[in-house]
**Student:** 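Let me give you the structure first, and then I'll get to my questions.
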Amino acid sequence: MREPSDVEPIKGSFKADYDGVFIFIFDNSFSWFTDKLLTYNIQLFQPAFAMADSNRAMQCRRLLSNLSEESKQAKLKLVQCEEKRTSLTQEISSIESRLAALQEEFQRKQLLVANAKKEYQDCSVRIEYNEAKKIGLCIRTLEKKTLSNVLSYLGKGSEAYVVCKYWKSLMDDLSNR
């Protein structure tokens with residue numbers, strides 16, 4: 001906007017409603033070839049104390065309102081956190097109880113496994129012992145004549161010759177005949 005300042009000086013004032021930075025621009029783009037002489041006087045007046053106090057009070061009320069709202073939100077969040085903490089504490093207690101029961105059951109099962117292992121070993125030894133005795137018992141159930149025939153087939157060089165005195169005497173009788 002062109003202001004005709006060649007006739008009389010231009011005067012004016014501006015009142016800012018808010019704090020900020022003001023920039024004054026003087027433009028000679030209307031007539032580049034003609035020199036201009038510019039004189040200016042800018043004065044800055046501080047607002048009255050009442051206005052500054054009013055602005056400060058308004059800003060404090062706004063901050064207080066924000067703080068009150070944040071406090072309400074924080075209290076709601078605090079209640080939610082406490083409920084969650086209580087719930088988790090109860091859940092942990094329940095899990096700990098189940099864990100203790102599982103540990104007891106685990107120890108019982110380990111004891112049962114150890115007992116079963118010992119019983120397995122005892123049975124294996126008993127079976128081995130019984131297998132060794134079974135052959136001798138089967139032979140001892142034979143009548144004297146059948147046993148003499150079996151022993152004659154084995155001969156004096158076999159282990160049967162040294163098993164017992166009875167078998168030895170039977171084998172000796174067979175060889176004397």
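We're numbering straight along the sequence, starting at 1. Being a predicted model, the structure only gives us computed values, none of them experimental.
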**Student:** So if I apply the side-chain contact (heavy atoms from CB on, under 4.5 Å) rule between Glu105 and each of Gln107, Lys109, Gln103, which one comes out positive?
**Tutor:** Lys109

**Student:** So, taking the atom named CD in Glu83 and the one named CG in Leu78, what distance separates them when rounded to the nearest 0.5 Å?
**Tutor:** 10.0 Å

**Student:** Just checking, is any N or O donor in the side chain of Glu69 or Gln73 under 3.5 Å from an acceptor N or O on the other one?
**Tutor:** yes

**Student:** Taking Glu82's backbone N and O only, do any of them form a donor-acceptor pair with Thr86's side chain (distance below 3.5 Å, no angle check)?
**Tutor:** yes

**Student:** Would you mind checking if Lys118 and Asp122 are paired as a salt bridge, meaning a charged N to carboxylate O distance below 4.0 Å?
**Tutor:** yes

**Student:** What's the spacing between Leu63 CG and Glu70 CD if we round to 0.5 Å?
**Tutor:** 10.0 Å

**Student:** Can you tell me how far apart CG (Leu111) and CZ (Phe106) are? Round to the nearest 0.5 Å.
**Tutor:** 12.0 Å

**Student:** Nearest 0.5 Å please: distance from the CG atom of Leu64 over to the CZ atom of Arg61.
**Tutor:** 10.0 Å

**Student:** Determine yes or no for a side-chain-to-main-chain donor-acceptor pair under 3.5 angstrom, with Thr89 supplying the side chain and Arg85 the backbone.
**Tutor:** yes

**Student:** So, Ser94 side chain and Gln90 main chain: donor-acceptor pair closer than 3.5 Å or not?
**Tutor:** no

**Student:** To the nearest 0.5 angstrom, please state how far the CD1 atom of Ile92 sits from the CG atom of Leu88.
**Tutor:** 6.0 Å

**Student:** Does CD in Glu128 sit with more than 12 non-hydrogen atoms of other residues, nucleotides or ligands closer than 6.0 Å?
**Tutor:** no

**Student:** Any side-chain heavy atom of Gln110 sitting closer than 4.5 Å to one from Val113?
**Tutor:** no

